[in-house]
Asker: 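First the structure, then my questions, so here it is.
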Amino acid sequence: MTEGRNRESLTLGVDLGGTKVETSLIDKTGYILASHRRPTQPDKGPYGIIADIIECVKNCLGEASESAQSLGIGMAGQIDKDTGMVRFAPNLGWRNIPLQARLEEALGLPVVVSNDVRAATYGEWLYGAGQGVDDLVCVFVGTGVGGGIVSGGRLLEGCNNTVGELGHMTIVTNGRQCHCRNRGCLEAYAGGWAIAERGQEAVRSDPQAGQPLIAIAGGIEQISAATVTKAYSNGDSLAQNIVEETAEYLAAGVVGIVNAFNPCVLVLGGGVIHGLPEYASMVEHIVRLNALEAAVKNLRIVTSVLGNKAGVIGAATLARHKFQKDE
Ligand SMILES: [Zn+2]
């Protein structure tokens with residue numbers, strides 16, 4: 001392992017996603033010493049998945065022949081801050097699952113459970129694109145849209161620990177139906193699932209113009225955000241319209257965020273941005289035209305530096321700062 005790393009004080013980070021569980025062993029500089037991953041199998045139910053997480057952690061520690069002092073886990077959903085109970089995780093169908101208590105009991109370590117994109121924001125803040133600033137907002141655009149807010153050097157949590165649900169701000173009244181109960185949310189236009197829906201609708205309304213998208217996807221129903229990105233990169237004009245509209249919707253959300261929180265750095269990340277990094281410059285162009293001048297004067301809009309590692313690094317660091325206070 002790298003010389004000079006502090007191996008005395010290691011922390012585990014876990015990113016529990018809809019398709020995989022990733023566990024990493026991380027030192028105090030945010031460096032990943034070992035990683036282990038396995039697929040998430042939602043049909044096993046919450047306790048089957050928790051058993052898989054425990055297995056994944058043990059494998060990670062075993063491969064590194066190391067021990068850890070605490071564990072942080074991030075997952076999509078609403079978490080009770082005091083108990084680490086998962087109140088609601090729609091993508092896994094969990095309600096009121098005592099994740100923190102189960103992991104602490106099985107692993108004998110203190111555990112902190114966090115929302116996944118808030119953990120990723122913490123990672124980007126301390127070790128990624130937001131290093132050195134006290135005011136930062138991360139917007140992650142994947143299947144859904146979410147993020148985190150650092151204001152005045154503090155990661156915001158809110159009254160019920162739900163800060164960061166940036167995808168559910170209304171950008172179009174009475175607009176497209178969202179997966180939450182509202183209509184017209186940012187996510188209902190710019191989330192990966194919504195880009196797929198909008199792509200399919202565009203092709204249905206103009207099947208001839210949609211031929212390149214259908215050819216890439218294999219069928220209208222199979223058109224996804226990734227299909228749109230691929231067709232855009234091939235120069236397809238229908239895909240270009242969808243991408244430009246998506247950038248406008250994203251920019252509408254970012255203008256609101258920038259005006260409300262006045263960050264020094266706004267980080268764009270997540271699978272959709274990673275798949276088409278041009279989104280960042282398209283969004284930035286519109287934001288600089290439309291947001292308040294004072295709010296964008298010193299603003300930098302950048303893409304995520306840690307990519308899909310932000311979650312594990314951030315979750316581990318949240319645990320380190322909660323339980324390993326001398327560091
Ligand atoms: Zn919504």
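Keep in mind that the numbers below use all heavy atoms, side chains included, and drop hydrogens, waters and symmetry copies. As the structure lists them, so they are numbered: ligands from 1, and atoms in each ligand from 1.
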Asker: Would you call R288-E284 a salt bridge at under 4.0 Å N-O?
Answerer: yes
Asker: With a cut-off of 2.8 Å, does H179 place any N/O/S atom under that distance from the Zn ion (ligand 1)?
Answerer: no
Asker: For the residue pair T29 and D27, confirm or rule out a side-chain donor-acceptor distance under 3.5 Å.
Answerer: yes
Asker: Mind reading off the angle at the Zn ion (ligand 1) between the SG atom of C180 and the SG atom of C185, rounded to 10°?
Answerer: 110°
Asker: Please determine if R38 and E22 form a salt bridge, counting it only when a charged side-chain N lies under 4.0 Å from a carboxylate O.
Answerer: no
Asker: How large, to 10°, is the angle at the Zn ion (ligand 1) when you draw lines to ND1 on H168 and to SG on C178?
Answerer: 100°
Asker: Does a salt bridge link E187 with R176, judged by any charged N lying under 4.0 Å from a carboxylate O?
Answerer: no
